[in-house]
Amino acid sequence: MDLDTVRSFFAASPFMGDLGVEPIAVAPGTVTAVLVLARRHLQHTGQAHAGVMASLADHTMGSAAQTLAPAGRWCLTAELKTSALRPGVGERLVCVATVIKAGRNISFTEAEVFAETQGQRTLVMKASATMAVALAKP
């Protein structure tokens with residue numbers, strides 16, 4: 001799966017488009033996506049909302065799993081766990097998602113979300129997800 005295909009996968013998800021999430025790199029089993037932080041992504045404390053970071057991680061992990069899925073199958077989140085490590089404060093969030101084990105019916109994924117300012121990254125969230133590999137609707 002190439003970057004243009006992953007970009008179309010993100011574009012097909014209205015919520016990711018509303019958030020402004022964009023994939024920037026792809027390799028088999030790995031996707032990197034970014035989100036330029038704006039006021040609408042923040043909570044009352046001025047840091048990125050944990051739900052924004054979790055959504056970024058979730059969709060990026062699903063996309064990483066999708067890069068290894070057989071044709072005609074979709075990867076859907078069956079279980080999601082996030083651990084916020086520190087406030088998400090910066091210019092943008094960068095998420096790197098990787099497939100730990102791809103299977104016929106389920107895949108296991110992990111992600112790291114970084115807050116980035118002037119090229120300096122700080123790890124702000126770790127996530128893991130179990131992805132169900134299901135038949136795509138016709």
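Quick caveat: nothing in here was measured; it's all calculated off a predicted structure.
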What's the verdict on side chain to side chain contact (heavy atoms under 4.5 Å, CB included) for Val31 and Val6, showing C-alpha distance, side-chain angles and the deciding distance? CA-CA 8 Å; Val31 172; Val6 173; 4.2 Å; yes
Given side chain to side chain contact (heavy atoms under 4.5 Å, CB included), test Met131 with Met61 step by step and report yes or no. CA-CA 8 Å; Met131 298 291 167; Met61 287 186 289; 3.9 Å; yes
Is [Y] reachable from [X] through a run of I, L, V, M, F, W or Y residues, each pair having side-chain heavy atoms under 4.5 Å apart?
{"X": "Leu37", "Y": "Val113", "answer": "yes"}
{"X": "Val99", "Y": "Val26", "answer": "no"}
{"X": "Leu35", "Y": "Leu80", "answer": "no"}
{"X": "Val133", "Y": "Met1", "answer": "no"}
{"X": "Val96", "Y": "Val36", "answer": "no"}

Validation row: [X], [Y] side chains within 4.5 angstrom (heavy atoms):
{"X": "Val34", "Y": "Cys95", "result": "no"}
{"X": "His49", "Y": "Leu42", "result": "no"}
{"X": "Leu56", "Y": "Met125", "result": "no"}
{"X": "Ser55", "Y": "Met16", "result": "yes"}
{"X": "Val124", "Y": "Phe114", "result": "no"}

side-chain hydrogen bond (donor to acceptor under 3.5 Å, both in side chains) partners of [range], not counting sequence neighbours, each pair once:
{"range": "residues 62-72", "value": "none"}
{"range": "residues 103-116", "value": "Arg92-Glu116, Glu112-Lys126, Glu116-Arg121"}
{"range": "residues 70-84", "value": "Asp58-Thr77, Glu79-Thr130, Lys81-Ser83"}

Closest approach of Ala25 to Leu3 (non-hydrogen atoms, all atoms of both residues): N-CD1, 3.8 Å
Of all heavy-atom pairs linking Leu93 and Ala48, the shortest is CD1-CB, 4.2 Å
Would you say the ring centroid of Phe15 lies under 6.0 angstrom from that of His59? no
Look at the side chain of Arg40 and the backbone N and O of Leu19, then say whether any donor-acceptor pair between them is shorter than 3.5 Å. yes
Using a 3.5 Å distance criterion without hydrogens, assess whether the side chain of Ser8 forms a donor-acceptor pair with backbone atoms of Thr5. yes
Could you tell me the separation between the CG atom of Leu76 and the CD1 atom of Ile106, rounded to the nearest 0.5 Å? 13.5 Å
Let me see the working for Thr32 and Val94 under side chain to side chain contact (heavy atoms under 4.5 Å, CB included), right down to the final yes or no. CA-CA 7 Å; Thr32 302; Val94 179; 3.9 Å; yes
